Asks: 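Structure in structure tokens, see below.
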Amino acid sequence: MQHPDAPAVTRRAAITAPVASTVAASAAPEAAAQGISAGVPVAGVPALSRVSLTVNGKGRTIDLDTRTTLLDALREHLQLTGSKKGCDHGQCGACTVIVDGRRIYSCLTLAVMHEGDEVTTIEGLGQPGNLHPMQAAFVRHDGYQCGYCTPGQICASVAMLEEIEAGIPSHVTADLTAPPRLSAEEIRERMSGNICRCGAYSNIVDAITEVAGRPA
């Protein structure tokens, strides 16, 4: 028996209320999308930002959610899927790319932070039939195995050799007043941020040593 003070709810209201809620919920995303496309801020909808980059030598301009990482911008918006999403926490190095000559984890940086920057991915280093020397060395020394970490390994290797050429020391550099000497110990230390689950580390060291043209 209904309490005399309880609000009256008709059978029709009880049936139509869920339907109305469903229609409203389905209409909200469409309205929000229209608001974004018109440049009108919508409560609860992420802001978009136009970002211009030079990627592998070509100018690219994309509209992104401001929370989009550089890795997701490359993979999902520019279809450059060579850079891999391994841990998405900056712990494996599979997403390593070169930005303005320096290697970075692209999963740990937002795309909007790189307005005007020059980004080089594995696709920009070489192509089948015209491999970068580091790519060719990885093939010769079987430094890739499953291949998942290879794009990040190669980008890191190329940038790492440039760091040594620039005289940048590492944690194992014995003499900070002299140019760093390329050695197996230096290579392993400098590449320690790139994990190979296949355990091809010795082959990777051989490939880098060959490209450097110096005995390890």
Side-chain angles (χ1 to χ4, degrees), residues 46 49 51 53 55-56 60 62 64-115 117-126 132 134-135 137-139 141-166 168-173 180 182-209 211-212 216:
S49 180
V51 181
L53 307 165
V55 182
N56 298 331
R60 307 297 296 267
I62 44 180
L64 298 169
D65 179 334
T66 53
R67 299 167 298 180
T68 303
T69 64
L70 178 59
L71 175 61
D72 284 339
L74 294 171
R75 289 181 56 83
E76 308 299 333
H77 294 266
L78 299 180
Q79 288 71 56
L80 294 170
T81 56
S83 304
K84 296 296 186 281
K85 181 177 284 193
C87 64
D88 212 23
H89 287 81
Q91 296 176 347
C92 73
C95 68
T96 303
V97 298
I98 303 171
V99 177
D100 289 343
R102 299 180 62 183
R103 51 179 169 157
I104 67 168
Y105 294 152
S106 59
C107 76
L108 289 185
T109 184
L110 299 176
V112 295
M113 297 168 62
H114 296 283
E115 172 69 28
D117 287 354
E118 294 188 10
V119 180
T120 301
T121 69
I122 190 68
E123 293 92 342
L125 287 178
H132 185 279
M134 191 67 75
Q135 291 172 315
F138 265 65
V139 172
H141 292 276
D142 193 23
Y144 55 92
Q145 295 197 21
C146 86
Y148 195 84
C149 74
T150 305
Q153 294 275 6
I154 290 176
C155 286
S157 298
V158 171
M160 181 269 292
L161 290 181
E162 293 179 356
E163 291 167 7
I164 292 179
E165 287 294 324
I168 299 173
S170 77
H171 181 69
V172 299
T173 303
L182 188 134
S183 64
E185 185 180 25
E186 281 280 0
I187 292 173
R188 290 179 183 276
E189 168 63 23
R190 293 171 186 267
M191 293 295 294
S192 60
N194 289 77
I195 296 173
C196 173
R197 291 169 177 83
C198 297
Y201 295 114
S202 295
N203 298 347
I204 291 171
V205 171
D206 291 343
I208 295 172
T209 301
V211 174

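The model shown is predicted, which means the values in this text are computed figures rather than measured ones. In what follows, residues are counted from 1 in the order of the sequence shown.
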Asks: So, the side chain of His89 versus the backbone of Gln91: is there a donor-acceptor pair under 3.5 Å, distance only?
Replies: no
Asks: Do Asn56 and Thr121 make a side-chain contact, defined as non-hydrogen atoms from C-beta onward lying under 4.5 Å apart?
Replies: yes
Asks: Should Cys92 and Lys84 count as side-chain neighbours, where that means a heavy-atom distance under 4.5 Å?
Replies: no
Asks: Identify the two heavy atoms, one from His114 and one from Leu53, that lie closest to each other, and give their separation to 0.1 Å.
Replies: O-CD2, 2.7 Å
Asks: Taking all non-hydrogen atoms of both residues, which atom of Gly90 and which atom of Cys107 are closest, and how far apart?
Replies: N-SG, 3.3 Å
Asks: When you measure from the side chain of Asn194 to the backbone N and O of Gly152, does any donor-acceptor pair fall under 3.5 Å?
Replies: yes
Asks: How long is the straight-line distance from CZ of Arg188 back to CD1 of Ile204, given to the nearest 0.5 Å?
Replies: 9.5 Å
Asks: Evaluate side-chain contact (heavy atoms from CB on, under 4.5 Å) for Met191 paired with Ile208, printing each intermediate quantity in order.
Replies: CA-CA 10 Å; Met191 293 295 294; Ile208 295 172; 4.0 Å; yes
Asks: With respect to Ile122, which candidate in Val158, Thr81, Ile154, Thr150 satisfies the side-chain contact (heavy atoms from CB on, under 4.5 Å) definition?
Replies: Ile154
Asks: Could you give the distance from CD (Glu118) to CG (Asp100), rounded to the nearest 0.5 Å?
Replies: 6.0 Å
Asks: How many angstroms lie between atom OG of Ser170 and atom CD1 of Ile187, to the nearest 0.5 angstrom?
Replies: 11.0 Å
Asks: Hey, does Ile104 have a side-chain heavy atom less than 4.5 Å from the side chain of Leu70?
Replies: yes
Asks: Closer than 3.5 angstrom, by distance alone: can the side chain of Asp117 be matched with the main-chain N or O of Val99 as a donor-acceptor pair?
Replies: no
Asks: With a 3.5 Å distance limit and no angle check, can you tell me whether Glu123 reaches the backbone of Gly82 through a side-chain donor-acceptor pair?
Replies: yes
Asks: Could you tell me which non-hydrogen atom of Gly101 sits nearest to which non-hydrogen atom of Glu162, and how far apart they are?
Replies: O-OE1, 3.9 Å
Asks: Is there side-chain contact between Asn203 and Tyr201, with heavy atoms separated by less than 4.5 Å?
Replies: no
Asks: A side-chain contact here means heavy atoms from C-beta on lying under 4.5 Å apart; do Arg60 and Val119 qualify?
Replies: no
Asks: Out of curiosity, Leu74 CG to Lys85 NZ, how far, rounded to the nearest 0.5 Å?
Replies: 11.0 Å
Asks: Apply the test side-chain contact (heavy atoms from CB on, under 4.5 Å) to residues Gln153 and Cys196: give CA-CA distance (whole Å), side-chain angles for both, the deciding distance (0.1 Å), then the verdict.
Replies: CA-CA 8 Å; Gln153 294 275 6; Cys196 173; 3.8 Å; yes
Asks: Can you tell if the side chain of Arg190 reaches within under 4.5 Å of the side chain of Thr173, non-hydrogen atoms only?
Replies: yes
Asks: What's the shortest heavy-atom distance between Ala73 and Leu64, and which atoms?
Replies: CB-CD1, 4.0 Å
Asks: If you round to the nearest 0.5 Å, how far is CG of Leu71 from OG1 of Thr96?
Replies: 10.0 Å
Asks: Of all the heavy-atom pairs spanning Cys155 and Leu125, show the shortest one and how long it is.
Replies: SG-CD1, 4.0 Å
Asks: Measure across Tyr105 and Gly193 and return the closest heavy-atom pair with its distance rounded to 0.1 Å.
Replies: OH-O, 2.7 Å
Asks: Any heavy-atom pair between the side chains of Cys95 and Ser106 that's under 4.5 Å?
Replies: yes
Asks: Is there a side-chain contact between Val172 and Glu186, using heavy atoms and a 4.5 Å cut-off?
Replies: yes
